[in-house]
Novice: 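Mind looking over this structure? Questions follow.
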Amino acid sequence: MTATSPSVMSERVSPHHQRGKILITGGAGFVGSQLGQRLATDGYEVVLLDNMSFGHLDNLLMDGRPFGRFVCRDIRDPRADDAYDGVDCVFHLAGVAALPVCQSEPREAYDVNVAGTGAVLEAARRAGVRRVVFSSTSAVYERTVSMPLREDDAIAPDLVYACTKQSAEVLCRAYAGNYGLDVVVCRFFNVFGPHQDVLRVSPPFTSYVARELAHDRSPVLFNGRRDVLRDYVHVADVVELLVRIMRDEARYAADVFNVCSGVGHSVPQLYDAFRSVSGKGIEATFRDPAEFWNRYPMLFAGPRPLSRERVIEEVYKSAIGSNAKARAAFGWEPAFDLLAGVRSVYDEALRRLSSSAQASDPV
């Protein structure tokens, strides 16, 4: 198993920021809670802002105890502005991320992902926050064909989720240019690892596979091609990079950095890894990729249905990023290999499912 202990931090670190006050929007979510726990362990004062639309209360605990101050507010709520007082750095991780959900509810997606980002930037500006780190997405490259994907590639997304993130990136550049707000834009690729929710109806891909194998069920998958590769980066590596970005003393005018492993893996390859760590020989059930979003029938209803060809194109889209820019700027090196990462997901899924079963047993 590959070690995950952090290597030497970037040399460009301001000592007076070592134990500052940090605000994390989406702090009860997967990445936000992992980041918050790391920062609390390192001695920072952590504020977790979340309206609990997608967050979970157990993410707010470390060893059974709260690790930060939780503020249950929507990022668009003016009453949340008080949470920014005295904050050194804001990590803006809140948003609506599921592609078919955004495609089905474009008004809500734009309101949360774009207007919400505007609210965060404005609150940070007024509070005199030193730096905002914004979580964008590799989905903005969805129409980009060059590989590996680089930060200076032209982007022209056309699905709602990616369009909202592109618009939010424009807002970040506007605040950096007009107000001098120090913003770093991080384009996350497929972040995976323990603590992704395995209990909800539609878990993220890796947690879904772990859950199905834990229950001795055959997972239903829609991409059986081994030549379609996606970039998966472990949450521990992501957190390490985010901490380095926060502590770096250089200034960034909404500069963009890919957050990725730089390595591509296919769905069958990932499933092989899960079967290996679980010790189970269950075969996956592969279905027509055109049916991938069938749980959202409103997308295919009415006189202007979403093209099934577009769904297939999304399923079969390869996306491998270049992390050379982040490596050079922050001295960062991804540490988790695929098998170690998959093992961490499967072991955590077993623990969560066991705890859930015990909690539901009658007394």
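Just so you know, these numbers use all the heavy atoms, side chains as well, and skip hydrogens, waters and symmetry mates.
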Novice: Could you tell me the separation between the CZ atom of Phe300 and the CD atom of Glu291, rounded to the nearest 0.5 Å?
Specialist: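 These two atoms lie 10.0 Å from each other.
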Novice: For the pair Phe336 and His234, name the ring-plane relationship: parallel under 30°, tilted 30 to 60°, perpendicular over 60°.
Specialist: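 Parallel, since the angle between the ring planes stays under 30°.
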Novice: Is a donor on one side and an acceptor on the other found under 3.5 Å between the side chain of Thr144 and the backbone of Ala154?
Specialist: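 The answer is yes, because a donor-acceptor pair under 3.5 Å joins these two groups.
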Novice: Which is it for Trp293 and Gln103 under the side-chain contact (heavy atoms from CB on, under 4.5 Å) test, yes or no, and what are the steps along the way?
Specialist: CA-CA 10 Å; Trp293 287 355; Gln103 203 67 27; 4.3 Å; yes
Novice: Under a 4.0 Å N-O cut-off, is there an ion pair linking Glu348 with Arg343?
Specialist: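 No salt bridge links Glu348 with Arg343.
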Novice: With side-chain contact (heavy atoms from CB on, under 4.5 Å) as the test, would you mind laying out the steps for Val185 and Val133 before giving the verdict?
Specialist: CA-CA 6 Å; Val185 175; Val133 181; over 6 Å; no
Novice: List the atom pairs, donor and acceptor, that lie under 3.5 Å between side-chain atoms in residues 89-99 and the rest of the protein, sequence neighbours left out.
Specialist:
{"residue": "His92", "atom": "ND1", "partner": "Thr25", "partner atom": "OG1", "Å": "2.8"}
{"residue": "His92", "atom": "NE2", "partner": "Thr117", "partner atom": "OG1", "Å": "3.1"}

Novice: Looking at every heavy atom in both Gly341 and Phe192, which two are closest together, and how far apart are they?
Specialist: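 So the minimum-distance heavy-atom pair works out to C-CE1, 3.5 Å.
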Novice: If you measure from CZ on Arg310 to CD on Glu142, what distance do you get to the nearest 0.5 Å?
Specialist: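 Reported to 0.5 Å precision, the distance equals 5.0 Å.
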Novice: Nearest 0.5 Å, what's the CG-CD distance between Asp88 and Glu45?
Specialist: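 Taking CG in Asp88 and CD in Glu45, the distance rounds to 11.0 Å.
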Novice: Would you tell me whether Glu212 and Ser218 have side-chain atoms, one donor and one acceptor, within less than 3.5 Å of each other?
Specialist: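 There is no such pair (donor and acceptor under 3.5 Å, judged by atom type) between the side chains of Glu212 and Ser218.
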Novice: Using 30° and 60° as the class boundaries, would you call the ring planes of Tyr346 and Phe274 parallel, tilted or perpendicular?
Specialist: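 Rings of Tyr346 and Phe274: perpendicular, over 60°.
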Novice: Test side-chain contact (heavy atoms from CB on, under 4.5 Å) on Val71 and Val47 and set out the steps.
Specialist: CA-CA 7 Å; Val71 178; Val47 180; 3.9 Å; yes
Novice: With distance as the sole test, does Ser167 use its side chain to make a donor-acceptor pair with the main-chain N or O of Cys163 at under 3.5 Å?
Specialist: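 Present.
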Novice: Should Arg131 and Asp182 be marked as a salt bridge (Lys or Arg N to Asp or Glu O under 4.0 Å) after you check the CA-CA gap, both sets of side-chain angles, and the distance that decides it?
Specialist: CA-CA 5 Å; Arg131 171 166 294 159; Asp182 189 13; 2.8 Å; yes
Novice: Side-chain contact test, heavy atoms from C-beta onward, threshold under 4.5 Å: evaluate it for Cys72 versus Asn51 and give yes or no.
Specialist: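 Of all side-chain heavy-atom pairs linking Asn51 with Cys72, none is under 4.5 Å.
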Novice: Using a strict 4.0 Å threshold on nitrogen-to-oxygen distance, state whether Arg187 and Glu169 make a salt bridge.
Specialist: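 Glu169 and Arg187: salt-bridged.
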Novice: I want to know whether Tyr252 and Phe330 have ring centres closer than 6.0 Å.
Specialist: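 Aromatic pair counts; centres sit under 6.0 Å.
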Novice: Donor-acceptor pair, Asn323 side chain versus Ser261 backbone, under 3.5 Å?
Specialist: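 Answer holds: yes.
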Novice: Provide the closest heavy-atom pair for Arg251 versus Leu181 in the form atom of the first, atom of the second, distance.
Specialist: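 For Arg251 versus Leu181, the nearest heavy atoms are NH2-C, 4.3 Å.
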Novice: Distance check, rounded to the nearest 0.5 Å: Lys317 atom NZ versus Leu229 atom CG?
Specialist: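 Lys317 NZ to Leu229 CG: 12.0 Å, rounded to 0.5 Å.
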Novice: Test of understanding: clusters of I, L, V, M, F, W, Y form through side-chain heavy atoms closer than 4.5 Å, transitively. Do Ile22 and Phe30 belong to the same one?
Specialist: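 Yes, it is one cluster - the side chains of Ile22 and Phe30 are joined through contacts under 4.5 Å.
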Novice: Does one hydrophobic cluster hold both Val263 and Val345, with members joined at side-chain heavy-atom distances below 4.5 Å?
Specialist: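 Different clusters: Val263 never reaches Val345 through Ile, Leu, Val, Met, Phe, Trp or Tyr contacts under 4.5 Å.
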Novice: When hydrophobic residues are tied together by side-chain contacts of less than 4.5 Å, even through go-betweens, does Val160 share a cluster with Val311?
Specialist: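 Cluster IDs for Val160 and Val311 differ.
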Novice: Distance check, rounded to the nearest 0.5 Å: Tyr141 atom OH versus Arg150 atom CZ?
Specialist: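 Here the interatomic distance stands at 10.0 Å.
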Novice: Any carboxylate oxygen within less than 4.0 angstrom of a Lys/Arg side-chain nitrogen, looking at Glu122 and Arg126?
Specialist: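 Here Glu122 pairs with Arg126 in a salt bridge, since their nearest N and O are under 4.0 Å apart.
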Novice: Flag yes if Leu49 and Leu39 sit in one hydrophobic cluster, no otherwise; membership is Ile, Leu, Val, Met, Phe, Trp, Tyr, and two members link when side-chain heavy atoms are under 4.5 Å apart.
Specialist: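 Cluster IDs for Leu49 and Leu39 differ.
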Novice: Can a salt bridge be assigned to the pair Glu333 and Arg327 using a cut-off of 4.0 Å between side-chain N and carboxylate O?
Specialist: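 Looking at Glu333 and Arg327, the cut-off is met.
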Novice: With distance as the sole test, does Asp50 use its side chain to make a donor-acceptor pair with the main-chain N or O of Ala28 at under 3.5 Å?
Specialist: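 Pair found, side chain donor or acceptor close to backbone of Ala28.
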Novice: Looking at Leu242, is its backbone amide N or carbonyl O close enough to the side chain of Arg247 to form a donor-acceptor pair, meaning the two atoms are under 3.5 Å apart?
Specialist: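 Not confirmed, Arg247 side chain does not pair with Leu242 backbone.
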Novice: Do you reckon Phe67 sits in the same ILVMFWY cluster as Leu23, going by side-chain contacts under 4.5 Å, direct or chained?
Specialist: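 In one cluster with Phe67: Leu23, no.
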Novice: Check side chain to side chain contact (heavy atoms under 4.5 Å, CB included) between Asp82 and all other residues, then give those that pass, not counting sequence neighbours.
Specialist: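 Checked Asp82 against side chain to side chain contact (heavy atoms under 4.5 Å, CB included); matches are Asp85.
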Novice: Any salt bridge linking Asp248 with Arg244? Criterion: basic side-chain nitrogen under 4.0 Å from a carboxylate oxygen.
Specialist: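 A salt bridge is absent here (no side-chain N lies under 4.0 Å from a carboxylate O).
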Novice: Output yes when Asp272 and Arg226 qualify as a salt bridge under the 4.0 Å nitrogen-oxygen rule, no when they do not.
Specialist: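 Yes, charged N to carboxylate O under 4.0 Å.
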Novice: Checking the side chain of Lys280 only, and the main-chain atoms of Leu213 only, is there a donor and an acceptor separated by less than 3.5 Å?
Specialist: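 A pair under 3.5 Å: yes.
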Novice: Does any N or O in the side chain of Arg143 come within less than 3.5 Å of the main-chain N or O of Ala156, such that one atom is a donor and the other an acceptor?
Specialist: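 Checking the backbone N and O of Ala156 against the side chain of Arg143, no donor-acceptor pair under 3.5 Å is found.
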Novice: Show your reasoning for whether side-chain contact (heavy atoms from CB on, under 4.5 Å) applies to Leu60 and Leu48.
Specialist: CA-CA 8 Å; Leu60 302 173; Leu48 306 160; 3.7 Å; yes
Novice: Under 4.0 Å between a side-chain nitrogen and a carboxylate oxygen: does that hold for Arg76 and Asp111?
Specialist: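 Judged by the 4.0 Å cut-off on N to carboxylate O distance, Arg76 and Asp111 do form a salt bridge.
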Novice: Between Ala80 and Arg73, which heavy-atom pair has the shortest distance, and what is it?
Specialist: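 Here Ala80 and Arg73 meet closest at CB-CB, 3.9 Å.
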Novice: So, are Glu283 and Arg275 salt-bridged, with charged N and O less than 4.0 Å apart?
Specialist: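 Looking at Arg275 together with Glu283, the answer is yes, because their closest N to O distance falls below 4.0 Å.
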Novice: Do side-chain atoms of Asn59 reach the backbone of Ser33 as a donor and acceptor pair under 3.5 angstrom?
Specialist: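 Checking the backbone N and O of Ser33 against the side chain of Asn59, no donor-acceptor pair under 3.5 Å is found.
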Novice: Quick one: does Arg38's side chain have a donor or acceptor within less than 3.5 Å of a partner on Ala236's backbone?
Specialist: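 No, because the side chain of Arg38 does not come within donor-acceptor range (under 3.5 Å) of the backbone of Ala236.
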Novice: To the nearest 0.5 Å, what is the distance between OG1 (Thr137) and CZ (Phe189)?
Specialist: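 Here the interatomic distance stands at 8.0 Å.
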Novice: Treating Glu151 as the side-chain partner and Asn258 as the backbone partner, does any N or O pair qualify as donor plus acceptor under 3.5 Å?
Specialist: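 Judged by distance alone, yes, a pair lies under 3.5 Å.
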Novice: Using the salt bridge (Lys or Arg N to Asp or Glu O under 4.0 Å) rule, take Arg79 and Asp77 through it: C-alpha gap first, then chi angles, then the decisive distance, then the call.
Specialist: CA-CA 5 Å; Arg79 293 175 297 174; Asp77 188 337; 2.8 Å; yes
Novice: Minimum heavy-atom separation for Val315 to Arg230, with atom names?
Specialist: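 Taking every non-hydrogen atom into account, O-NH2, 3.7 Å.
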Novice: Below 4.5 Å, heavy atoms only, C-beta onward: do Val132 and Val184 meet side chain to side chain?
Specialist: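 When only atoms from C-beta onward are counted, Val184 and Val132 do not touch, as no gap falls below 4.5 Å.
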Novice: Can you name the closest pair of heavy atoms from Trp332 and Cys260 and give their distance?
Specialist: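 Smallest interatomic distance, heavy atoms only, reads CH2-O, 3.3 Å.
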Novice: Can you establish whether the number of heavy atoms outside Arg217 located under 6.0 Å from its atom CZ is more than 12?
Specialist: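 More than 12 heavy atoms, drawn from other residues, nucleotides or ligands, come within 6.0 Å of this atom.
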Novice: Taking only residues two or more places apart in sequence or in another chain, which ones pass side chain to side chain donor-acceptor pair (under 3.5 Å) with Asn113?
Specialist: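 Asn113 satisfies side chain to side chain donor-acceptor pair (under 3.5 Å) with Thr164 only.
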Novice: Of the non-hydrogen atoms in Pro148 and Gly321, which two are nearest, and what is the gap between them?
Specialist: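 That would be CB-C, 3.9 Å.
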